[in-house]
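Read the structure below first, then the notes.
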Amino acid sequence: MRSCYITLLCGILLMAVSGCHPREKSQSASSEKAEVEVLKSRYDHADSLYRHGRIDTAAFNSFINSAMAMAEQSPKADIAPEMLYKAGIGSMILAKSAATRNNRDETARYAKQALKIFYDFQELYPDHENAKYCYYQRGVIYDDILGDYTSADDQYRDFINRYPEDSLASQLRDYLKILGKTESQLEEIMHLE
């Protein structure tokens with residue numbers, strides 16, 4: 001009786017340690033693979049339309065929400081960093097589109113979402129190659145979309161100070177000389193040089 005009890009206990013312990021049945025692991029892996037394919041498909045669809053001059057807000061939102069959910073639920077998935085970064089870019093595209101339509105509420109909402117994504121990206125993936133470009137992307141949001149040149153300057157300078165040898169840092173140093181200048185101020189600068 002006692003050996004039967006020990007065998008049963010070992011069986012339960014083994015099942016607990018293994019986590020799930022091998023078939024469940026296989027189903028889980030194929031489910032993740034299907035999720036990745038759906039996510040890539042959503043991105044490809046939104047990006048393809050954008051490349052042809054059309055912004056499909058619903059397609060971008062679907063992709064952005066899915067990418068953010070993946071990064072939250074499966075941050076270690078191989079594709080998660082790439083998709084989250086692209087979600088930030090997608091939010092920037094939507095913000096810029098709303099700005100050109102003079103829709104201030106949408107512009108602010110999408111810009112805020114993009115800023116959050118880029119901050120989250122750096123927190124989740126500090127060693128990823130795109131983590132450093134989050135400073136630049138935030139600078140672009142403040143500069144080109146929101147017209148907040150002080151915040152843009154801060155983001156660009158953070159990039160320059162952290163990555164002084166990067167080729168983008170050199171371009172940003174030059175760009176900071178004209179950031180936020182009016183046309184007349186730019187003409188004056190051109191005449192002085």
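Note that the structure is predicted; figures quoted are calculated from it, not measured. Residue numbers count from 1 along this sequence.
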Check against side-chain contact (heavy atoms from CB on, under 4.5 Å), Ile89 and Gln137: CA-CA 8 Å; Ile89 300 295; Gln137 299 299 358; 3.5 Å; yes
Worked check of side-chain contact (heavy atoms from CB on, under 4.5 Å) between Glu82 and Tyr43: CA-CA 11 Å; Glu82 176 188 351; Tyr43 173 75; over 6 Å; no
Derivation of the ring-ring contact (aromatic ring centres under 6.0 Å, His included) call for Phe159 and Tyr136: CA-CA 7 Å; Phe159 183 91; Tyr136 172 74; 7.1 Å; no
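Counting non-hydrogen atoms of neighbouring residues, nucleotides and ligands closer than 6.0 angstrom, the CZ atom of Arg101 exceeds 12 such neighbours. Shown here is Asp78, whose CG atom has no more than 12 heavy atoms of other residues, nucleotides or ligands within 6.0 Å. Environment of NZ in Lys181: crowded, with over 12 heavy atoms of neighbouring residues, nucleotides or ligands closer than 6.0 Å.
A donor-acceptor pair shorter than 3.5 Å can be found between the side chains of Asp166 and Tyr133. Side chains of Tyr142 and Asp154: a donor-acceptor N/O pair is absent below 3.5 angstrom, by distance only.
For Ile145 against Ala111, the heavy-atom pair with the smallest separation is CG2-CB, 4.4 Å. Between Ala71 and Ala80 the shortest heavy-atom distance is CA-CB, 4.5 Å. Listed here is the closest heavy atom pair of Ala114 and Ile141: CB-CD1, 3.5 Å. Ala152 approaches Gly139 most closely through the heavy-atom pair CB-O, 3.5 Å. In plain terms, the two heavy atoms of Pro75 and Leu124 that are nearest each other are CB-CD2, 4.3 Å. For the residue pair Ile55 and Ser97, the shortest heavy atom distance occurs at CD1-CB, 3.6 Å.
Counting only heavy atoms from C-beta outward, the side chains of Leu94 and Glu106 never approach each other to under 4.5 Å. Using a 4.5 Å cut-off on side-chain heavy atoms (C-beta onward), Met70 and Ile79 make contact. A heavy-atom distance below 4.5 Å is found between the side chains of Tyr125 and Leu84. Inter-residue side-chain proximity for Val140 and Tyr156 is flagged as met; some heavy-atom pair is nearer than 4.5 Å. Looking at heavy atoms from C-beta onward, Phe63 lies in side-chain contact with Met83 at the 4.5 angstrom threshold. Residues Lys116 and Met68 fail the side-chain proximity criterion, which asks for heavy atoms closer than 4.5 Å.
The CE atom of Met92 sits 9.0 Å away from atom CG of Leu115, with the distance rounded to the nearest 0.5 Å. To the nearest 0.5 angstrom, Gln113 atom CD is 4.5 Å from Ile117 atom CD1. Remark: Leu179 CG to Asp143 CG distance equals 5.0 Å, nearest 0.5 Å. For the atom pair Cys134 SG and Glu123 CD, the distance stands at 11.5 Å (nearest 0.5 Å). Between the CG atom of Leu146 and the CZ atom of Arg138 there is a distance of 13.5 Å, given to the nearest 0.5 Å. The CD1 atom of Ile93 sits 4.0 Å away from atom CZ of Phe60, with the distance rounded to the nearest 0.5 Å.
Applying the side-chain contact (heavy atoms from CB on, under 4.5 Å) criterion to Ser184, with sequence neighbours excluded, gives Thr182.
Taken together through direct or relayed side-chain contacts under 4.5 Å among Ile, Leu, Val, Met, Phe, Trp and Tyr, Tyr135 and Tyr119 form parts of separate hydrophobic clusters.
In terms of modelled atom types and a separation under 3.5 Å, the side chain of Ser170 and the main chain of Ser167 share no donor-acceptor contact. A donor-acceptor pair under 3.5 Å is formed between the side chain of Ser91 and the backbone N or O of Ala87. Panel note: side chain His52, backbone Arg54; no donor-acceptor pair is recorded below 3.5 Å. Within the 3.5 Å criterion, the main-chain N or O of Glu37 finds no donor-acceptor partner in the side chain of Ser41.
Among Arg173, Gln155, Gln171, the one residue that satisfies the side-chain contact (heavy atoms from CB on, under 4.5 Å) test with Ile160 is Arg173. Shown are Asn61, Thr57, Asp105, Asn103; of these, the side-chain hydrogen bond (donor to acceptor under 3.5 Å, both in side chains) with Tyr110 is made only by Asn61.
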